[in-house]
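What follows is a set of notes on a single structure, which appears directly below.
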Amino acid sequence: MITEVERPEPRSEEVLVRVEAAGLCGSDLHVIAAAPGALPYLTPFTLGHEIAGRVAGSGPDATGPPTGERVVVYGPWGCGRCGHCSTGAENYCDRRPALDAVRAGTGAGLGRDGGLADFVLVPSGRLLLPVGDLAPTQAAPLSDAGLTAYHAITGIRQALDEAGGGAGGASVAVIGVGGLGHLAIQILRATTSAQVFAVDIRDDAIALADDCGAHFGTLVRPDTADVLRKRSGDAGVDAVLDFVGTSATLRLGVSALRAGGQLTLVGSGGGELTVRKPGALPPGLRMSLPFWGTRPDLERVIALARSGAVRVETKQFPLSRAPEAIDTLRSGAVRGRAVLIPD
């Protein structure tokens with residue numbers, strides 16, 4: 001529902017950002033569909049956690065980019081003081097469980113008013129990163145889709161580095177070529193020498209993977225795991241990035257992995273994986289559950305985008321057509337990332 005509210009006024013350390021573009025995400029659909037009381041947030045609040053815009057005003061104690069600076073909003077808002085936050089890893093804020101317990105909200109569009117509006121109020125200038133001349137429609141999706149993909153890739157670097165010296169080099173499978181997956185392929189190509197294999201259930205997604213530089217793409221079939229293993233020298237791929245997260249994709253990822261490989265679960269598809277020893281999992285399996293990314297990660301993603309190494313495939317809508325954009329995303333008809341632009 002679209003409604004009119006008063007323009008927020010920044011106080012203390014707060015900064016007001018005029019929104020120029022805001023991305024839509026699968027997690028927005030989870031928020032919309034959640035049963036009353038199921039989320040650790042108080043409602044109502046404005047959606048939108050991928051935000052790019054210009055600084056429009058600041059409170060008297062604010063620091064950070066000056067008025068008029070073009071910025072992207074770092075999405076996971078932590079306490080700013082704990083050990084993780086002090087290093088820029090507010091995505092892993094030590095106080096987040098306490099914030100969830102009192103349903104305080106942990107970021108723009110996640111319990112706090114977000115970017116599907118003309119303006120958004122940000123609690124501190126530390127959460128704003130300059131983007132220079134990067135187009136707002138490119139910058140906004142970097143704050144989650146690009147950042148989460150980059151952070152997930154940092155977590156598999158050990159597996160790729162260990163395999164990189166072998167005769168066949170390293171290989172990684174990207175399962176799910178959507179808003180995050182298509183950026184992960186580009187980041188992998190720009191920052192690693194690994195062979196990148198893309199997997200999806202849609203022909204259009206495989207075509208997008210090819211456009212993004214994947215070395216090989218395949219639809220999900222009964223023999224997909226075998227195909228991936230053969231492509232990686234029969235032993236299996238060194239790492240799997242699962243951007244879907246269903247039980248089926250988890251089984252596929254495990255089946256395609258080599259011994260000692262790494263499975264990184266990013267998608268929130270609700271799948272389950274049985275961990276048992278002895279069992280069906282590859283020996284030496286390493287698994288990670290990354291969440292969003294750090295501020296230094298976002299700086300690096302922005303740099304990649306400004307250099308031209310990473311480009312977001314977008315489907316753009318005016319903000320007044322937000323319900324249509326949400327329905328389009330829900331139907332699976334968005335190639336890449338849906339982005340809303342204030343009318």
Side-chain angles (χ1 to χ4, degrees), residues 17-29 32 47-54 70-75 108-109 114-118 120 129 131-150 152 174 176-190 198 200 202-214 217 243-244 266-267 292-293 298 301-343:
V17 174
R18 178 187 286 274
V19 178
E20 294 182 321
L24 274 181
C25 177
S27 59
D28 292 319
L29 302 183
I32 293 169
L47 289 172
H49 57 269
E50 293 184 339
I51 308 165
R54 289 184 184 270
R70 300 187 61 251
V71 296
V72 69
V73 179
Y74 176 70
L116 299 192
D118 296 309
V120 63
L129 281 75
V131 296
D133 58 358
L134 191 62
T137 52
Q138 287 292 304
L142 298 180
S143 61
D144 181 4
L147 173 57
T148 301
Y150 187 95
V174 174
V177 189
L180 279 73
H182 88 287
L183 294 176
I185 292 169
Q186 296 177 65
I187 294 168
L188 284 164
R189 291 303 315 271
D200 205 290
R202 302 162 297 162
D203 288 310
D204 187 56
I206 298 303
L208 177 58
D210 183 63
D211 292 343
C212 292
F243 290 101
V244 182
V266 184
W292 224 319
L298 183 53
V301 172
I302 292 170
L304 286 172
R306 294 190 66 188
S307 74
V310 170
R311 180 167 180 80
V312 187
E313 180 80 12
T314 66
K315 185 175 180 66
Q316 299 174 24
F317 300 83
L319 181 59
S320 59
R321 289 168 52 196
E324 177 189 342
I326 291 168
D327 287 342
T328 304
L329 178 62
R330 185 182 288 117
S331 72
V334 174
R335 191 177 194 259
R337 206 61 160 172
V339 178
L340 292 165
I341 305 168
D343 296 63

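Computed from a predicted model, the values in this text were never measured in an experiment.
- His49 contributes atom NE2, which lies 5.0 Å from atom CH2 of Trp292 (distance to the nearest 0.5 angstrom).
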Output a table of donor-acceptor pairs, distance under 3.5 Å, between side-chain atoms of residues 317-328 and any protein atom two or more places apart or on a different chain; print 'none' if there are none.
from, atom 1, to, atom 2, distance (Å)
Ser320, OG, Asp343, OD2, 2.7
Arg321, NE, Glu324, OE1, 2.8
Arg321, NH2, Glu324, OE1, 3.2
Arg321, NH2, Glu324, OE2, 2.8
Asp327, OD1, Arg330, NH1, 2.9
Thr328, OG1, Glu324, O, 2.8

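- Taking Asp204 as the reference, Arg335 meet the salt bridge (Lys or Arg N to Asp or Glu O under 4.0 Å) condition, with sequence neighbours excluded.
- Residues satisfying the salt bridge (Lys or Arg N to Asp or Glu O under 4.0 Å) test with Arg311, not counting sequence neighbours, are none.
- Looking at every heavy atom in both residues, Pro342 comes nearest to Asp118 through CB-OD1, 3.7 Å.
- Across Val72 and Ser143, no two heavy atoms sit closer than the pair CG2-CB, 3.6 Å.
- Note that CG of Leu340 is 11.5 Å distant from OG1 of Thr137, once rounded to the nearest 0.5 Å.
- A distance-only check finds a donor-acceptor pair linking the side chain of Ser307 to the backbone of Leu304 [under 3.5 Å].
- Heavy atoms only, all atoms of each residue included: Gly179 and Ala145 are closest at O-CB, 3.7 Å.
- Scanning for salt bridge (Lys or Arg N to Asp or Glu O under 4.0 Å) contacts around Asp28 gives an empty result, with sequence neighbours left out.
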Pair Leu47-Ile32, side-chain contact (heavy atoms from CB on, under 4.5 Å): steps then yes or no: CA-CA 9 Å; Leu47 289 172; Ile32 293 169; 3.7 Å; yes

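- Taking the side chain as every heavy atom from C-beta outward, Thr314 and Val334 never approach each other to under 4.5 Å.
- Note that the CZ atom of Phe243 and the CD1 atom of Ile185 stand 8.5 Å from one another [nearest 0.5 Å].
- Between Glu313 and Arg337 there is no salt bridge, since none of the side-chain N atoms of the basic residue sits less than 4.0 Å from a carboxylate O of the acidic one.
- For the pair Val131 and Val71, the minimum side-chain heavy-atom distance is 4.5 Å or more.
- Closest approach of Ala22 and Leu116 over heavy atoms only: CB-CD2, 3.8 Å.
- Not one N or O on the side chain of Gln316 forms a donor-acceptor pair closer than 3.5 Å with the backbone of Ala338.
- Asp203 meets the salt bridge (Lys or Arg N to Asp or Glu O under 4.0 Å) test with no other residue; sequence neighbours excluded.
- Under 4.0 Å is where a charged nitrogen must lie from a carboxylate oxygen, and between Arg306 and Asp133 at least one such pair does.
- Between atom CG of residue Leu134 and atom CD1 of residue Ile302 there is a gap of 7.5 Å, rounded to the nearest 0.5 Å.
- Judged by distance alone, the side chain of Arg18 and the main-chain N or O of Gly53 form no donor-acceptor pair under 3.5 Å.
- For residues 177-190, no pair satisfies side chain to side chain donor-acceptor pair (under 3.5 Å), with sequence neighbours left out.
- Heavy-atom minimum distance, Leu24 versus Glu50: N-OE1, 4.1 Å.
- The nearest pair of heavy atoms linking Gly23 to Ala140 is N-CB, 4.1 Å.
- Under the 4.5 Å side-chain criterion, counting only non-hydrogen atoms from C-beta, Tyr150 is not in contact with Leu183.
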Show your reasoning for whether side-chain contact (heavy atoms from CB on, under 4.5 Å) applies to Val301 and Val310. CA-CA 8 Å; Val301 172; Val310 170; 5.6 Å; no

